[in-house]
2 protein chains.
Amino acid sequence: MTEQFFTFTDKIVNFTKANKELLATALSFRQVTTKTELVSYNKRTDELYFLLKGCLRKYYVKDGEQITIYITAENSFIGAFDSFVTGTPSKETIETLEPTELLVLNKKDLTRLYKEIPLMNEFVRKILEQTLIQFQQALTSFILDSPEERYTKLLSQNPQILQRVPQHMLATYLGITATSLSRIRKRILEKS
Amino acid sequence: MTEQFFTFTDKIVNFTKANKELLATALSFRQVTTKTELVSYNKRTDELYFLLKGCLRKYYVKDGEQITIYITAENSFIGAFDSFVTGTPSKETIETLEPTELLVLNKKDLTRLYKEIPLMNEFVRKILEQTLIQFQQALTSFILDSPEERYTKLLSQNPQILQRVPQHMLATYLGITATSLSRIRKRILEKS
DNA sequence: TTTCTTTCTTGTCTTTTGTAAACGTTTTCC
DNA sequence: GGAAAACGTTTACAAAAGACAAGAAAGAAA
């Protein structure tokens, strides 16, 4: 159950066997159905998730509409970082889009691991470095690219996601309405 | 010269005197004029900067136009993280907008500091956590808010920046053209 | 000061997106 | 299986943004 997780960590740092045993005791397995809220609006969260199987999204509610701001699938960490780090109620909701299997790490255990495993700070630092680069690329794409360009980029970089996520969620994720995405798709079809 | 930097670090972790002496030897002071490129297009960078005084922006070139993707001022770290971390040529340019004073930390020294100062990983991890939250908020604002909302938010959260950065740079930073920002400003004036 | 450059605004026209509503299709779930 | 909900597309109209060009205003430099 944790092999998949350590396959992931092995690409980042060299945890010792002892490290991994400690880590494994801190991780709890959780299996949830579609549409489960892992983090809810205005609730504090002290959990981080490692996705073993399935698909999640993060969304905000604005004017009564759900606006998807993040989508991710297998072998990645996700959490409501703001609430997790600062302890404030979360403005974002994290919800499963499929039956999902995760490993859960809570803040208390993470704090303990930072003390017990010196490599832990380095591990998390490297994860954060990668995540930051990803976020900066996403942010840059919003500034540089048109919605149509963002869609075609998503199409080429992450074609699987299109099979797993409803189009109206993709639309808000691209910063546009479902109507507009439908038009963009039509436009692209007509070009080819 | 480094007091200002340690005032900053003291808010994050408790470096010992010995830590600070080590750190200080790794930091070099640099004073540059307006429009100096700290990181240039297609060049690798192995430097991170801590801004003591002045103002910087990061920009991309698209279709011959400079598109500003980040602006920052005193007491913050900046660098072309992608190039810095992965060693690939930078697609972004970092340029001063004012006469600027900085502390420079290069990658070799940072790598050394990670080994010599255990707290260093924690320090950088915490900086990255904060930066990630900021980036996520910026990204979210692009998805959730209209250009007009982004402008008024910037106005209320960071009014000083408006005095220091030309409007056409702010415009691209907001994801719109200078023309459009000018009209938004007019619209806001007429409302009040 | 005078000149030159940069910056900002305005006008016109075109394209894109948003809003709201309708409609057919697919999926979900008793 | 059948009802209800969710999903995707389309249409008409309104609002916003982009492109391009012209010109005013402000700053920097000779």
Side-chain angles (χ1 to χ4, degrees), chain A residues 32-37 54-55 57 59-68 71 93 95-100 141-155 161-191, chain B residues 33-36 55 57 59-60 62-68 71 95-99 141-155 161-191:
Chain A
V32 295
T33 59
T34 304
K35 291 199 184 178
T36 304
E37 285 189 9
C55 192
R57 68 164 176 149
Y59 68 84
Y60 271 73
V61 174
K62 180 170 191 180
D63 303 330
E65 302 265 304
Q66 296 180 354
I67 314 289
T68 301
I71 299 169
T93 304
E95 179 197 69
T96 54
L97 298 177
E98 299 174 0
T100 295
S141 184
F142 268 95
I143 301 180
L144 280 180
D145 302 332
S146 67
E148 182 163 339
E149 285 171 305
R150 281 201 297 285
Y151 177 69
T152 53
K153 273 193 185 178
L154 185 66
L155 207 71
I161 213 86
L162 301 180
Q163 262 60 56
R164 301 171 75 171
V165 180
Q167 235 135 74
H168 67 276
M169 290 183 192
L170 277 183
T172 60
Y173 179 58
L174 293 167
I176 55 179
T177 59
T179 309
S180 204
L181 179 55
S182 181
R183 282 194 279 242
I184 286 171
R185 285 160 56 82
K186 193 179 178 187
R187 227 155 43 213
I188 292 171
L189 270 177
E190 282 167 357
K191 279 183 193 166
Chain B
T33 59
T34 305
K35 291 197 183 180
T36 304
C55 192
R57 69 164 175 147
Y59 68 84
Y60 271 72
K62 179 170 191 180
D63 304 330
E65 303 265 304
Q66 296 181 353
I67 314 289
T68 300
I71 299 170
E95 179 197 70
T96 54
L97 297 176
E98 301 173 357
S141 183
F142 267 95
I143 300 180
L144 281 180
D145 304 331
S146 67
E148 183 165 338
E149 286 172 304
R150 281 201 296 285
Y151 177 69
T152 52
K153 274 192 185 178
L154 186 67
L155 208 70
I161 214 86
L162 301 179
Q163 263 59 57
R164 301 170 75 171
V165 180
Q167 236 135 72
H168 67 277
M169 290 183 191
L170 277 183
T172 61
Y173 178 58
L174 294 167
I176 55 178
T177 59
T179 309
S180 206
L181 178 55
S182 180
R183 283 195 272 247
I184 285 172
R185 286 159 53 82
K186 193 182 178 184
R187 230 160 34 217
I188 291 171
L189 270 177
E190 283 166 357
K191 278 181 194 165

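Please read all numbers here as calculations on a predicted model, not as lab measurements.
- A search for side-chain hydrogen bond (donor to acceptor under 3.5 Å, both in side chains) contacts involving B:Thr34 returns nothing, not counting sequence neighbours.
- Residues B:Pro147 and B:Ile184 meet the side-chain proximity criterion, which asks for heavy atoms closer than 4.5 Å.
- On the nucleic acid side, DNA chain C contacts chain B at distances under 4.0 Å to non-hydrogen atoms, with the end points of that region at C:dT7 to C:dT12.
- When the P atom of D:dA15 is taken as reference, atom CD of B:Glu148 falls 14 Å away, rounded to whole Å.
- Mapping A:Ser146 and B:His168 onto DNA chain C via the closest heavy atom, the residue that lands nearer the 5' end is B:His168.
- The pair B:Lys35-B:Glu95 does not count as a salt bridge, with every side-chain nitrogen at least 4.0 angstrom from each carboxylate oxygen.
- If you take CZ of B:Phe142 and C1' of D:dA17, they are 14 Å apart, rounded to a whole angstrom.
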Within the sub-3.5 Å range, which N or O atoms of nucleotides 19-24 of chain D have a protein N or O partner, and how far apart are they?
{"from": "D:dA19", "atom 1": "N6", "to": "B:Arg183", "atom 2": "NH2", "distance (Å)": "3.4"}

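- B:Glu65 is linked by a side-chain hydrogen bond (donor to acceptor under 3.5 Å, both in side chains) to nothing, counting only residues two or more places apart in sequence or in another chain.
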Donor-acceptor pairs are to be reported for all side-chain atoms of residues 161-168 of chain A against protein atoms at under 3.5 Å, with residues two or more places apart or in another chain.
{"from": "A:Arg164", "atom 1": "NE", "to": "A:Glu98", "atom 2": "OE2", "distance (Å)": "2.8"}
{"from": "A:Arg164", "atom 1": "NH1", "to": "A:Glu74", "atom 2": "OE1", "distance (Å)": "3.2"}
{"from": "A:Arg164", "atom 1": "NH2", "to": "A:Gly54", "atom 2": "O", "distance (Å)": "3.1"}
{"from": "A:Arg164", "atom 1": "NH2", "to": "A:Glu74", "atom 2": "OE2", "distance (Å)": "3.1"}
{"from": "A:Arg164", "atom 1": "NH2", "to": "A:Glu98", "atom 2": "OE1", "distance (Å)": "3.0"}
{"from": "A:Gln167", "atom 1": "OE1", "to": "A:Arg185", "atom 2": "NE", "distance (Å)": "3.1"}

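- Computed from coordinates, the B:Ile184 CD1 to D:dG18 C1' distance equals 12 Å when rounded to whole Å.
- Side-chain contact annotation: B:Glu149 with B:Ser146, donor-acceptor N/O pair under 3.5 Å present.
- Between the CD atom of B:Gln167 and the P atom of D:dA25 there is a distance of 16 Å, rounded to whole Å.
- For the pair B:Arg57 and B:Tyr173, the cation-pi criterion (under 6.0 Å, within 45° of the ring axis) is not fulfilled.
- Atom NZ of A:Lys186 is separated from atom P of D:dT9 by 11 Å (rounded to the nearest Å).
- Residue B:Ile67 contributes atom CD1, which lies 14 Å from atom C1' of D:dA17 at whole-angstrom precision.
- A search for side-chain hydrogen bond (donor to acceptor under 3.5 Å, both in side chains) contacts involving B:Ser180 returns nothing, not counting sequence neighbours.
- Taking 4.5 Å as the limit, every side-chain heavy atom of B:Leu155 sits out of range of all side-chain heavy atoms of B:Ile188.
- Atoms CZ (B:Arg185) and C1' (D:dA25) sit 13 Å apart, rounded to a whole Å.
- A:Ser182 comes within contact range of at least one nucleobase, with a heavy-atom separation under 4.0 Å.
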